[in-house]
Amino acid sequence: TIVLPTSLTTLSTNAFNGCSALKVVSAEMANPVAIDDTVFSNIDTMTLLVPIGSYDAYSTSSNWSNFETIKEIFTDGTFNYSITDTANATVEIVLSPLVSGDVDLPSGVTYSSVNYSVTSIGEYAFYNNSSLTSIDLPDSVTSIGEYAFYNNSSLTSIELPSTVAAIGDYSFSGTGLTNITVNWDATIPTISSYVFDGLSLGSIALYVPSGTTSTYDAASVWGDFAIG
């Protein structure tokens, strides 16, 4: 991921060409600077985050328009958000690189006098963040995007509310998880083995609701944890 500041006026030829691991670009400029087609590699697989009100400018600008996805975002100073449903006032948390330590994610945020509910942790939201140590998700969250906490090497603990119904591949790959608390009493989400790809699940404690041990033990992927 990379953040382009508002002060940026030029991007040189081949500036980020060859950066194959680059997945998200956050452009803080309200208006796009001119770029040629050599600045980014694999641009058609990347996400571009732009300020609220700037979508049209970027989506019609030469080469910026080639990003796979363009999302408008706003910030509360700690987290960045993208509106997912205007009618129902919902948002997802997107690229938020400044978050560190033990974090309780917010269940809502106010923007332009509208109260929004946080229902999703977006793809790459905390990608490569080595400063996060624990995460507690609010009950408003229903989904966690792919690579959301990828390579969070210091992340040792997370609590997942019963409202989460979908967890994307590689969400927790590369983390330092030692324990996970889950709160599904009945329907346990079916997840891919890639969600925790590369982790030794048998050495990670999974704390489950009382009376549900056998259910988790029989579930694909969840049954591979050290269930307590």
Side-chain angles (χ1 to χ4, degrees), residues 1-6 23-32 46-59 67-152 154-155 157-168 170-172 175 180-184 189:
T1 59
I2 190 167
V3 178
L4 304 176
T6 56
K23 303 297 183 183
V24 182
V25 175
S26 179
E28 296 182 338
M29 312 88 69
N31 296 299
M46 296 163 57
T47 296
L48 176 65
L49 306 178
V50 301
I52 288 282
S54 298
Y55 177 86
D56 288 345
Y58 281 88
S59 64
F67 277 85
E68 179 181 27
T69 304
I70 302 176
K71 296 181 179 181
E72 292 187 333
I73 66 171
F74 65 90
T75 184
D76 64 2
T78 301
F79 301 99
N80 294 320
Y81 305 87
S82 177
I83 298 171
T84 54
D85 189 327
T86 303
N88 293 309
T90 61
V91 296
E92 64 176 348
I93 293 178
V94 295
L95 180 65
S96 298
L98 301 180
V99 181
S100 63
D102 300 332
V103 175
D104 291 331
L105 296 183
S107 60
V109 62
T110 300
Y111 178 76
S112 291
S113 301
V114 177
N115 296 321
Y116 291 93
S117 177
V118 176
T119 59
S120 176
I121 310 302
E123 295 179 356
Y124 302 99
F126 301 99
Y127 187 82
N128 269 341
N129 187 325
S130 61
S131 299
L132 279 177
T133 53
S134 73
I135 288 284
D136 191 357
L137 275 62
D139 289 341
S140 59
V141 171
T142 60
S143 67
I144 300 172
E146 293 183 355
Y147 296 92
F149 299 97
Y150 181 84
N151 209 27
N152 283 203
S154 298
L155 181 62
S157 175
I158 188 165
E159 180 165 0
L160 302 174
S162 61
T163 51
V164 172
I167 305 175
Y170 305 103
S171 296
F172 300 104
T175 60
I180 302 171
T181 299
V182 295
N183 292 279
W184 301 288

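- Side-chain N/O atoms of Asp139 and Thr163 include no donor and acceptor closer than 3.5 Å.
- Remark: the backbone N or O of Tyr127 is not paired with any side-chain donor or acceptor of Asn151 at under 3.5 angstrom.
- With hydrogens and angles disregarded, a donor-acceptor distance shorter than 3.5 Å links the side chain of Trp184 to the backbone of Val164.
- Considering every non-hydrogen atom in both Ser117 and Ser140, the closest pair reads OG-CB, 3.7 Å.
- Side-chain contact between Leu137 and Ile158: present, with at least one pair of heavy atoms (C-beta onward) separated by less than 4.5 Å.
- If you take CG on Asp136 and CD on Glu159, they are separated by 5.0 Å, rounding to the nearest 0.5 Å.
- Among all heavy-atom pairs drawn from Gly122 and Ala148, the shortest one is O-CB, 3.8 Å.
- One finds the CD1 atom of Ile93 at 4.5 Å from the CG atom of Leu105 (value rounded to the nearest 0.5 Å).
- At a threshold of 4.5 Å between non-hydrogen side-chain atoms, the residues Pro32 and Val50 do not count as touching.
- Shown here for Pro138 and Pro161, the closest heavy-atom pair between the two residues is O-CG, 3.3 Å.
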Notebook entry, point to check: Checking side chain to side chain contact (heavy atoms under 4.5 Å, CB included) for the pair Glu123/Tyr147: CA distance, chi angles, key distance, verdict?
Noted result: CA-CA 6 Å; Glu123 295 179 356; Tyr147 296 92; 5.8 Å; no

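- The OG atom of Ser26 sits 7.5 Å away from atom CG of Leu4, with the distance rounded to the nearest 0.5 Å.
- Between Leu132 and Val103 there is a side-chain heavy-atom pair separated by less than 4.5 Å.
- The one candidate from Val94, Val118, Thr90, Ile52 that meets the side chain to side chain contact (heavy atoms under 4.5 Å, CB included) condition with Tyr81 is Val118.
- Under the 30°/60° scheme for interplanar angles, the aromatic rings of Phe126 and Phe79 are found to stand perpendicular.
- With values rounded to the nearest 0.5 angstrom, Glu28 atom CD is found 9.0 Å from Thr75 atom OG1.
- The aromatic rings of Phe74 and Tyr116 sit tilted relative to each other, their planes meeting at an angle between 30° and 60°.
- In this model, no donor atom of one side chain and acceptor atom of the other lie less than 3.5 Å apart for Thr175 and Asn152.
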Margin query: side chain to side chain contact (heavy atoms under 4.5 Å, CB included) for Ile180 and Phe172? Distances and angles first, verdict last.
Written below: CA-CA 11 Å; Ile180 302 171; Phe172 300 104; over 6 Å; no

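- Thr119 and Thr142 share no donor-acceptor pair across their side chains, judged by distance under 3.5 Å alone.
- Distance alone, capped at 3.5 Å, places no donor-acceptor pair between the Ser154 side chain and the Ser131 backbone.
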Checklist line | Worked check of side chain to side chain contact (heavy atoms under 4.5 Å, CB included) between Ile83 and Glu72 | finding: CA-CA 8 Å; Ile83 298 171; Glu72 292 187 333; over 6 Å; no

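- Among Val91, Ile73, Thr47, the single residue meeting the side chain to side chain contact (heavy atoms under 4.5 Å, CB included) criterion with Ser82 is Ile73.
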